[in-house]
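Structure first, then comments.
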Amino acid sequence: MFPCILFPKGGKMSEHAQNDHLLRIRHSASHVMAQAVLEKFPEAKLAIGPAIETGFYYDFDLPRPLTPEDLAEIEARMREIIAEGYDFVYQEISEEEARRLFADQPYKLELIEGILAGGVDEDGNPTAERPVLSIYRHGPFVDLCRGPHVANTREINPDAVKLLSVAGAYWRGDERRPMLQRIYGTAWETPEDLQAYLAWREEVERRDHRRLIKELDLISFHEEGGAGLAYWHPKGGRIRQIIEDHWRARHREGGYEIVYTPHIGRSWLWEQSGHLQFYKENMYAPIEIEGVQYYLKPMNCPFHILIYKSRTRSYRDLPLRWAELGTVYRFERSGVLHGLLRVRGFTQDDAHIFCTPEQIEDEILGVLDFSLSILRDFGFTEYQIELSVRDPRTPEKYAGSNEMWEQAERSLVNALEARNLPYKRMEGEAVFYGPKIDIKIKDALGRAWQCTTIQFDFNLPERFDLTFRDRDGQERRPYMVHRALLGSMERFFGVLVEHYGGAFPVWLAPVQAVVIPIADRHADYAWDVARRLKAAGLRVEVNDSPERMQAKIRDAQIEKIPYMLVVGDREMQNGEVNLRRRDGEVPGAMSVDAFIAMALEAVRERRLL
RNA sequence: GCCGACGUAGCUCAAUCGGCAGAGCAUCCGCCUUGUAAGCGGAACGGUGCGGGUUCAAGUCCCGCCGUCGGCUCCA
């Protein structure tokens, strides 16, 4: 999933997650778990069991599916094994010994072959090291393993270990290989760290957008309507409109033109673009009418290209920056759907930039600045940036010339370095048609989400024969850059909901203020106040239901409305409102105008409250 | 798509061995006229995701489908 989970917020835990001792503890815990599983299922076949960022796992081939009761039993046995106090002993072994030792462990034998053949380690990952077969023993358990481990099982705190879940996982991550059972666990240095991690997981659950969009009446999904298709309710729609309005305004300022294109296109487009060749299994089946096949668009590029090709382009026209909130449909496999983060129909905030090779550096820098600036508007100020480039070993797999790739990469690197942005260079991660920058935004819980992508395309300009007339009269090929900033409205909205836990900053809140009359006789005044707020441009509701004031406040709190304005006899008399904020603060009575000024300032500055 | 789990009222959840489908909240109707996170009383609401099957009897067991969840794989 894209929420590439980092570590719990706060420096202490982050240090721990990178701490070598912690990795040893986790890796050792996974061995202890494997021992416990093997005792319970002597016929179990072991696969691999590494430490991961938040714990560890081990993959097993077992005679039957594991139940939660099994997990509890295994966990209990782990504590006993830990208490038995075995040393972890490292030993290098010969090929023959290894084959003999793991004779009845086919997955281990496969790993052994891999290690001997060179190129992979005992987790199946590529390595350049010379082949060494090594094992780690603790008590009766032995595993093919390079380590490192703690010295003794007692170094694992039995109260800081917990098994979390069991899930399916393909052997070697290959869907054609057997499906194994993976047990996930977590281990920390102290029980306090474990508790903090579990509390963090609970917080993640509390903020889950799938729960919040339902509770806050923002978006729903319907079995009857089809999986992965979102229905935006009035309040969700309101937020989306605010996001879109802001997006449009910023794009106009930023030198973009906004275009609109159809939702379906003739098969010719998709043959020409290559989608039917490379992407067909992700496209909805064609609609045939009058003998012509139309496909629902999985992306907007070919449409923008047709606009480009609608007339002869001059170097004087470039750069062209065209943006569209383009709704696309992709047939995602059923198992990958996930709330708003992975859907089948979504609206990309797409843009394509067509420019001359000379302009590309400036354009890339412009896109980068523009993207980060807009993300900042929405409260995202921390990023994790990846630069995906070619695999230098296989240049033939990529479209475009060497010079193009080099220039493109240079422009991406230059932009990142001009802004002092740290990034990770990912060799071989580029798509075949060009290098790209992906920006993952970090949310309030420190999780990173893939939203922004800036991609070169050396493929489509060729396929569609895009040209411009240069100042020397020659026809030349423009550069084409795809860019999605928020990614998609759906995914961005889901991330936004989780980032704020549903308590949106005032400028985004679907209802900014609710006026709460204490008794019926205050209702007219409440409506009067509401009219004034509305006239000032605020989104306001009046709760004049026959409930107690306390109940109305509770409802407003649950709805996470930023401002609650209580009005009773005193306020009515003085022409005031009595403010209570979502965070529980009660600034108290103030004039209506004073409240309006305060609220408008919060909106203008995009403050939380 | 694959492995596993799950699907009961709008929401959250209950229903012992297969034996009369239930509660709170929300909704509706009354009463109360209230000072910063739930006033009181009453009514109505589902036949258990859908379709088959087993059984005297199915929410409970079996099969298929749909959907959701945890993962894997995928993510132009």
Side-chain angles (χ1 to χ4, degrees), chain A residues 1-2 57 59 61-62 64-68 164-184 205 208 210-211 214-215 217 220-228 270 273-275 277-283 297-302 328 330-339 341-343 348 350 430-434 436 438 450 453 455 457 459-460 482 484 487 491 516-523 545-559 564-571 578-582 584-589:
Chain A
M1 230 18 272
F2 340 85
Y57 68 79
D59 288 346
D61 198 341
L62 298 173
R64 65 165 173 85
L66 290 167
T67 65
L164 299 171
S165 61
V166 51
Y170 296 111
W171 167 234
R172 304 299 280 270
D174 184 338
E175 60 183 330
R176 291 162 306 194
R177 311 291 309 265
M179 177 65 77
L180 307 172
Q181 293 191 65
R182 173 172 298 178
I183 302 177
Y184 280 99
E205 209 171 311
D208 192 321
R210 291 167 299 183
R211 168 216 295 273
K214 196 194 279 188
E215 280 178 10
D217 193 20
S220 57
F221 289 91
H222 300 273
E223 184 176 348
E224 309 88 315
W270 312 109
S273 69
H275 286 103
Q277 199 179 337
F278 298 112
Y279 197 62
K280 193 167 186 192
E281 63 285 4
N282 278 292
M283 291 170 68
K297 69 175 170 185
M299 44 199 62
N300 306 298
C301 327
V328 298
R330 298 182 183 176
F331 191 79
E332 301 286 357
R333 290 158 75 171
S334 59
V336 308
L337 299 176
H338 181 92
L341 301 179
R342 193 78 178 267
V343 288
Q348 292 183 306
D350 210 356
V431 278
F432 80 90
Y433 53 74
K436 61 174 179 175
D438 287 328
Q450 162 80 62
T453 184
Q455 312 187 343
D457 193 325
N459 182 48
L460 294 182
H482 307 275
R491 182 181 293 179
I516 298 174
I518 290 176
D520 289 348
R521 63 178 178 281
H522 310 122
S545 71
E547 291 288 348
R548 292 278 179 289
M549 176 210 55
Q550 286 91 327
K552 296 181 194 177
I553 285 181
R554 182 168 184 275
D555 290 345
Q557 288 285 158
I558 289 170
E559 247 194 273
M564 287 151 259
L565 304 172
V566 176
V567 295
D569 291 335
R570 294 199 295 270
E571 290 74 20
N578 200 301
L579 173 63
R580 177 200 164 95
R581 309 196 315 185
R582 176 175 64 195
E585 296 286 310
V586 183

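The sequence lines fix the lettering, A, B, ..., with proteins before strands; numbering per chain opens at 1. Scope of the values below: all heavy atoms of this structure, side chains included, with no hydrogens, waters or symmetry mates.
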NE2 (A:H275) and CE (A:M283) are apart, to the nearest 0.5 Å, by 7.0 Å

A:L337 CG to B:C69 P, in whole Å, measures 8 Å

To the nearest angstrom, the CG-P distance between A:D438 and B:C75 comes to 13 Å

Answer yes or no: side-chain N or O of A:R330 and base N or O of B:C75 forming a donor-acceptor pair under 3.5 Å.
no

Worksheet item: For A:G335, which contact category applies under a 4.0 Å heavy-atom criterion: base, sugar-phosphate, or nothing?
Response: base

Picking from B:U68, B:U34, B:A76, the nucleotide nearest the side-chain atoms of A:Y279 would be B:A76

When rounded to whole Å, the CZ to P distance for the pair A:F331 and B:C74 reads 18 Å

Heavy-atom closest pair (A:R491 atom, A:L341 atom, distance to 0.1 Å) is NE-O, 3.1 Å

Practice prompt. Please work out if A:H275 contacts a base, only the sugar-phosphate, or nothing of the nucleic acid, heavy-atom cut-off 4.0 Å.
Written response: base

Of the listed B:C72, B:C75, B:G35, the closest approach to the A:V336 side chain comes from B:C72

Pairing partner of B:C45, by Watson-Crick or G-U wobble and under 3.5 Å for both distances, is none

Across the strands shown, which category fits A:Y184 at heavy-atom distances under 4.0 angstrom: base, sugar-phosphate, nothing? sugar-phosphate

Next on the checklist: Take a 6.0 Å sphere around CD of A:E281 and say whether it holds more than 12 heavy atoms from other residues, nucleotides or ligands.
Outcome noted: yes

Interatomic distance, CD1@A:I518 vs CG@A:D569, rounded to 0.5 Å, equals 7.5 Å

Paired to B:G67 by Watson-Crick or G-U wobble criteria (both distances under 3.5 Å) is B:C6

Short side-chain N/O contact from A:K280 to OP1 or OP2 of B:A76, under 4.0 Å:
no

- Query: Quick one: is A:S334 getting a side-chain N or O under 4.0 Å of the B:G1 phosphate, OP1 or OP2?
  - Reply: yes

Contacts of A:S273 and A:I553 projected onto RNA chain B by closest heavy atom; the upstream (5') one is A:I553

Rounded to the nearest 0.5 angstrom, the CD-SG distance for A:Q455 and A:C301 is 8.5 Å

Point to revise | Inter-nucleotide P distance (B:C6, B:C13), Å rounded | key: 15 Å

Note to self: Heavy atoms only, 4.0 Å cut-off, all strands: where does A:R570 land among base, sugar-phosphate and nothing?
What the structure shows: base

inquiry  = Is there, by distance only and without an angle test, a donor paired with an acceptor across the side chain of A:N578 and the base of B:U36 below 3.5 Å?
reply    = yes

When both distances are under 3.5 Å in a Watson-Crick or G-U wobble arrangement, the nucleotide paired with B:C74 is none

Among the nucleotides B:C72, B:U12, B:U36, whichever has the atom closest to the side chain of A:K214 is B:U12

>> Is A:R582 close enough to B:A37 that one of its side-chain N or O atoms is under 4.0 Å from OP1 or OP2 there?
In response: no

- Over 60° means perpendicular and under 30° means parallel, so classify the ring planes of A:F278 and A:F432, tilted if in between. tilted

Here the distance between atom P of B:G30 and atom CG of A:D520, to the nearest Å, is 13 Å

Note to self: Whether A:R580 contacts B:A37 is assessed here as follows: a side-chain N or O lying under 4.0 Å from the phosphate OP1 or OP2. Is that the case?
What the structure shows: yes

Can you find a donor-acceptor N/O pair under 3.5 angstrom joining the side chain of A:R491 to the base of B:C75?
-> no

Practice problem: Pick base, sugar-phosphate or nothing for A:K552, based on heavy-atom distances below 4.0 Å to the nucleic acid. | Solution: nothing

Distance between C1' atoms of B:G39 and B:G4 (Å, rounded): 48 Å

If the P atom of B:U36 is compared with that of B:G41, how far apart are they to the nearest Å?
23 Å

Quiz prompt | Short N-O contact, A:D174 and A:R176, less than 4.0 angstrom | solution = yes

Output for pair (A:Q181 CD, A:M179 CE), nearest 0.5 Å, gives 10.5 Å

Rounded to whole Å, the CG-C1' distance (A:L341 to B:G70) equals 15 Å

pair_partner(B:U36), Watson-Crick or wobble, both distances < 3.5 Å, evaluates to none

_Sugar-phosphate only, base, or nothing, as touched by A:R333 at under 4.0 Å among non-hydrogen atoms_ = base

- Item | Under 3.5 Å side-chain donor-acceptor pair for A:E547 and A:S545 | no

Sugar-phosphate only, base, or nothing, as touched by A:N282 at under 4.0 Å among non-hydrogen atoms = nothing

Winner on side-chain proximity to A:M549, out of B:G39, B:U36, B:C72, is B:U36

Answer for the Watson-Crick or wobble partner of B:C56, both distances under 3.5 Å, is B:G19

Exercise for the section: For B:A57 versus B:G1, give the span between their P atoms, rounded off to a whole number of Å. Expected result: 35 Å

Taken to the nearest whole Å, CD/A:Q181 to P/B:C2 is 17 Å

With hydrogens left out and only the distance checked, is there a donor-acceptor pair under 3.5 Å joining A:Y170's side chain and the base of B:G1? yes

* Asked: For atom C1', what is the distance between B:G22 and B:G46, given to the nearest Å?
  -> 11 Å

What contact category does A:Q557 fall into here, base, sugar-phosphate, or nothing, at under 4.0 angstrom with non-hydrogen atoms?
base

With syn meaning chi within 90° of zero and anything else anti, the base of B:G49 is anti

From the candidates B:C32, B:G35, B:G39, the one with an atom nearest any side-chain atom of A:I518 is B:G35

From CZ of A:R182 across to P of B:C72 the rounded distance in Å is 6 Å

Q) What does A:E585 touch in the nucleic acid at a heavy-atom separation under 4.0 angstrom: a base, only the sugar-phosphate, or nothing? A) nothing

On RNA chain B, more 5' by nearest nucleotide between A:M179 and A:P517 is A:M179

Under 4.0 angstrom, heavy atoms only, what part of the nucleic acid is A:D569 near: base, sugar-phosphate, or nothing? base

Open item on the list: Side-chain N or O of A:H338 versus OP1/OP2 of B:G70: is the shortest distance under 4.0 Å?
Closed with: yes

If pairing means Watson-Crick or G-U wobble with both distances under 3.5 Å, then the partner of B:A26 is none

Assigned chi class of B:C13 under the 90° convention is anti

>> Base, sugar-phosphate or nothing for A:A169? Non-hydrogen atoms, less than 4.0 Å.
In response: sugar-phosphate

Here the distance between atom P of B:A38 and atom CE of A:M564, to the nearest Å, is 13 Å

A:L579 and A:V586 have their tightest heavy-atom pair at O-CG1, 3.4 Å

